[in-house]
2 protein chains.
Amino acid sequence: MEELVNYILQFGNLNRQQIDFITGKAKTLELHKDEYFSEAGKIPRSVGFILEGVVRFCYYNNKGEEITHSFVDENNFVSDQQRFEAQVVASEYIQAVTDCKLLVFSKKDWDEIGNTIVGWDAITGLILKNCLLKTIERRSPLVSEDATTRYLSFIEQFPGLVNRIPLSYVASYLGMTQQSLSRIRKNVR
Amino acid sequence: MEELVNYILQFGNLNRQQIDFITGKAKTLELHKDEYFSEAGKIPRSVGFILEGVVRFCYYNNKGEEITHSFVDENNFVSDQQRFEAQVVASEYIQAVTDCKLLVFSKKDWDEIGNTIVGWDAITGLILKNCLLKTIERRSPLVSEDATTRYLSFIEQFPGLVNRIPLSYVASYLGMTQQSLSRIRKNVR
DNA sequence: GAAAGCCTTTACCATTTGGTAAAAAGCAAT
DNA sequence: ATTGCTTTTTACCAAATGGTAAAGGCTTTC
């Protein structure tokens with residue numbers, strides 16, 4: 001819970017009472033590897049904050065290939081935020097790629113926090129902007145790099161992650177086949 | 001000017017007086033092809049709204065290659081927003097790729113609008129989130145697609161743009177060489 | 001209209017990456 | 001330990017892309 005509070009306080013000031021109000025709404029949720037936090041075709045039910053584990057955002061392209069477009073690890077918010085706010089069905093999946101422990105907020109509780117705490121919308125707005133920028137900064141360079149460079153920058157950006165999750169997910173995130181990734185890993189060693 | 005107002009009103013309600021206050025601060029700026037709107041190493045001086053023309057965001061990687069990471073065309077805001085807000089030096093360039101006509105707001109005027117109009121920060125926050133999401137949606141799929149598919153989706157996402165700007169910029173946006181793009185264009189025809 | 005400069009296309013070959021298939025390695029359940 | 005299942009690695013060949021260089025086109029300028 002402390003991690004969540006520290007995270008939020010980076011983006012704005014809150015007093016003890018406000019913090020307690022927020023943390024009072026958080027429920028813990030455990031997800032097993034491969035379970036979904038949010039699914040395409042369903043309305044996202046909650047906003048999460050990852051205490052332990054890693055999740056990925058993924059979707060299927062028109063060839064039926066599964067594309068991982070981002071990973072989120074410990075001490076970060078995870079949510080299909082636009083769809084959650086609007087309460088409309090999602091078009092992508094958020095899936096646990098390791099066992100996870102999360103703090104979650106229901107839509108009702110999330111709205112109550114917004115209606116109670118002045119400045120909460122500004123804080124969450126900043127958090128979302130931050131997450132989006134991070135996603136862009138991580139993903140955008142992948143377009144112009146060759147496969148080996150993409151793999152090396154993945155290792156830098158997500159230290160240790162490559163040892164915790166299936167390589168097929170890494171390959172799909174990096175836009176290459178599993179076989180190419182395997183070959184690259186051999187050459188890099 | 002009407003385009004600007006319509007754009008803003010998508011993200012929140014403003015009365016006549018507020019709208020006049022905002023538009024009163026806007027100055028027009030003309031940029032010739034290749035001129036910079038914002039430069040790496042300099043502090044971004046203004047927020048722009050494109051009335052005519054197209055700009056691109058670009059930077060140089062560690063091999064000295066120039067990478068175009070996004071295009072912005074008519075009726076969109078253009079700004080190195082994070083750096084502008086914080087008034088710190090930029091790490092990338094924003095360059096006109098055609099002659100452009102813009103409405104611009106200085107930092108001082110932008111802040112005055114924020115201090116005067118209740119809800120302005122919320123509106124600009126939404127606008128920025130929107131731009132970031134659009135960037136992600138456009139750029140992210142490029143990682144996992146082959147060169148021909150990337151070119152075809154570029155044509156869809158920026159109709160006509162390919163005829164207005166140098167193909168070398170398109171190639172760098174799509175993460176391929178100019179020669180590859182040329183070959184692909186021949187095969188697609 | 002000739003010259004100069006830039007942008008675009010072509011061509012050739014080397015290298016990288018993808019597709020398919022099979023083998024090897026790791027893991028879990030019995 | 002054996003079996004069955006999934007993940008990862010290899011191998012082979014085809015296809016796509018990059019690098020270098022040169023030629024062709026298109027403007028601009030004088």
Side-chain angles (χ1 to χ4, degrees), chain A residues 32-36 53-54 56 58 60-68 71 95-99 141-155 158 160-189, chain B residues 32-36 53-54 56 58 60-68 71 95-99 141-155 158 160-189:
Chain A
H32 288 107
K33 184 173 185 315
D34 297 340
E35 282 184 337
Y36 292 111
V54 182
R56 63 170 185 150
C58 62
Y60 294 85
N61 69 12
N62 57 17
K63 294 176 204 135
E65 296 161 335
E66 182 185 277
I67 311 287
T68 299
F71 292 106
Q95 184 185 35
V97 293
T98 67
D99 288 348
L142 300 182
V143 177
S144 58
E145 293 168 341
D146 66 22
T148 303
T149 310
R150 295 205 295 279
Y151 174 65
L152 292 176
S153 54
F154 173 81
I155 290 188
F158 298 98
L161 186 53
V162 76
N163 300 316
R164 301 170 63 190
I165 67 179
L167 290 178
S168 57
Y169 295 169
V170 178
S172 110
Y173 177 72
L174 295 177
M176 68 183 80
T177 60
Q178 204 167 311
Q179 293 85 329
S180 293
L181 177 57
S182 179
R183 176 171 41 204
I184 285 162
R185 281 162 56 82
K186 185 173 66 172
N187 294 335
V188 163
R189 237 179 282 134
Chain B
H32 288 106
K33 184 173 185 313
D34 296 341
E35 282 184 337
Y36 292 111
V54 182
R56 64 170 184 151
C58 62
Y60 295 85
N61 70 11
N62 57 16
K63 292 176 204 134
E65 296 160 336
E66 182 185 277
I67 311 288
T68 299
F71 292 107
Q95 184 185 34
V97 293
T98 66
D99 288 346
L142 300 182
V143 177
S144 58
E145 293 169 342
D146 66 22
T148 302
T149 309
R150 295 205 295 280
Y151 174 66
L152 292 175
S153 53
F154 173 81
I155 290 188
F158 298 97
L161 186 52
V162 77
N163 300 316
R164 301 171 63 189
I165 68 178
L167 290 177
S168 57
Y169 295 170
V170 178
S172 112
Y173 177 73
L174 296 177
M176 68 183 81
T177 60
Q178 203 166 312
Q179 293 86 327
S180 293
L181 177 57
S182 179
R183 177 170 40 206
I184 285 162
R185 281 161 57 81
K186 185 173 65 172
N187 295 336
V188 163
R189 234 178 286 136

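Numbered from 1 within each chain, the chains take letters A, B, ... in sequence-line order.
- Nearest to the side-chain atoms of A:S180 among the listed nucleotides C:dT8, C:dC12, C:dT17 stands C:dT17.
- A:Q179 contributes no side-chain N or O that forms a donor-acceptor pair with the base of D:dT8 under 3.5 Å.
- Rounded to whole Å, the distance from CZ on A:R150 to C1' on C:dT17 is 9 Å.
- Taking atom CD of A:E65 as the reference point, atom P of C:dT20 lies 11 Å away to the nearest angstrom.
- Considering only the side chain of A:L167, D:dT8 comes nearest among C:dT17, D:dT8, D:dG19.
- Note: CG (A:D146) to C1' (D:dG18) measures 10 Å, nearest angstrom.
- Looking at heavy atoms from C-beta onward, B:E35 lies out of side-chain contact with B:Q95 at the 4.5 angstrom threshold.
- The 5' end of DNA chain C is approached more closely, in terms of each residue's nearest nucleotide, by B:K33 than by the other of B:K186 and B:K33.
- Aromatic ring centroids of B:Y173 and B:Y169 lie 6.0 Å or more apart.
- Contact check for A:T149 versus A:P141: no side-chain heavy atoms found under the 4.5 Å cut-off.
- An OP1 or OP2 oxygen of C:dG18 is reached within less than 4.0 angstrom by a side-chain nitrogen or oxygen of A:T177.
- Side chains of A:R183 and A:S180: a donor on one and an acceptor on the other come within 3.5 Å.
- The existence of a salt bridge linking A:R56 and A:E66 is confirmed by a sub-4.0 Å separation between a basic side-chain nitrogen and an acidic carboxylate oxygen.
- For D:dT8, the OP1/OP2 oxygens have no side-chain nitrogen or oxygen of A:S182 closer than 4.0 Å.
- If you take CG of B:D34 and P of D:dT28, they are 13 Å apart, rounded to a whole angstrom.
- For the pair A:I184 CD1 and C:dG18 C1', the interatomic distance rounds to 12 Å; values are reported in whole Å.
- We find that CE of A:M176 is positioned 13 Å from P of C:dG19, with the value rounded to whole Å.
- Rounded to an integer number of Å, the gap from CZ of A:R183 to C1' of C:dT15 is 11 Å.
- OP1 or OP2 of C:dT9 has at least one side-chain nitrogen or oxygen of B:R185 nearer than 4.0 Å.
- Atom-to-atom, CG of A:L142 to P of C:dT17 comes out at 13 Å; the value is rounded to the nearest Å.
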